[in-house]
Amino acid sequence: MTAEHNDGHEAVDRAERVWILLSALLIALFVGLVFYAVAMHGQHIAHAPARQPPERILQTAEFENPGVWRDDSGQLHASIVAQAFSFAPGEIEVPIGEEVVFRLTSRDVIHGFQIHNTTVNVELIPGEVAELRYTFSRPGRYPIICNQYCGLAHQNMIAHVRAVDPQAVDEPPDADAVPEPDAMAAGEAVYRAECLVCHQADGSGMPGVFPPLNLHMPRLLAADGGREYLIDVMLYGLVGEIRIDGQVYRGAMPPLARLNDQAIADVLNYSLHAWDNAPLTADAPAYEADEVAARRGRGLSPADMLGARNELALD
Ligand code: CUA
């Protein structure tokens, strides 16, 4: 071997050594970042206390009626169900400075659950309950987003946590406080979470599948029995073919009885007064929560609602 050849050989070895060293440093950096996040930012792995068939989990009291609750020891919990393409409930309110145990599951496919500006970021798997703890330190309205692609309307999957200062509730709002949304904004929030995916932001629906709400809801409201029908269709859903102006729609409306009375009243009032509906419904009295409450418990099925729909005399 010549000296020249040896030099060339050594040079390759040196380059390899540098690359191996760089790779090792990168791995050390990543592991270090994990420890840094754990130590400095309170990151931890969510654990899964329950692994069962999804239907079984959804039938438990906390997920049948998801929301914020306290157990016997006074510990605050937030049980939330993710589903294509919304979170139930669409908005929760928690106090700042108190630890919240989030208990989360998915109704259908894998979804993400990330609360903006917090360390809460977890994957929700059907048949599992993910549990993690978080204490909000600043009041505000924190968006919850799904960060796992879960289908066509994945990007509409959004909900909110309102973290409020329990001491500041009765004081006039300052720049940091959360403004109490007016009725129209509250209705719009419900609409975005529950209705927009199918009926669209402008209420135009989807040809052949989901009927338009724009210009159509005022006609339902004006029909004999239509005012009650609109509440019932929210509570009990609707399946089967319906016809509007010669167009056929075959999509199913899911029952939304899990929404509270006020949310249903708000979203009806919002959609009756949004888009081009406003001038048509100016004289109609707004829906009230107790009007919704009075329509509950009738045990109607989505198929029954098709019959109710077909009995409405629309002009
Ligand atoms: Cu759920 Cu993306």
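In each ligand, atom 1 is the first atom listed, and ligand 1 is the first ligand listed. The residues of the chain are indexed from 1 along the displayed sequence.
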Does the plane of the ring in Phe102 sit parallel, tilted or perpendicular to the ring in Phe136? Use 30° and 60° as the thresholds. perpendicular
Angle subtended at atom 2 (Cu) of ligand 1 by Cys146 SG and Gln148 O, to the nearest 10 degrees, is 90°
Any N/O/S atom, side chain or main chain, of Tyr149 closer to atom 1 (Cu) of ligand 1 than 2.8 Å? no
With respect to atom 2 (Cu) of ligand 1, what is the nearest N, O or S atom of His154? ND1
Which label fits Tyr270 and Tyr191: parallel for a plane angle under 30°, tilted from 30 to 60°, or perpendicular past 60°? tilted
N/O/S atom name from His111 that is nearest to the position of atom 1 (Cu) of ligand 1: ND1
Determine, stepwise, if the pair Leu124 / Gln148 fulfils side-chain contact (heavy atoms from CB on, under 4.5 Å). CA-CA 9 Å; Leu124 306 185; Gln148 290 276 357; over 6 Å; no
Counting only heavy atoms from other residues, nucleotides and ligands, does the tally under 6.0 Å from CG of Asp71 exceed 12? yes
N/O/S of Cys150 less than 2.8 Å from atom 1 (Cu) of ligand 1? yes
Between Met206 and Val197, is there shared hydrophobic-cluster membership here, with clusters defined by ILVMFWY side-chain heavy atoms closer than 4.5 Å? no
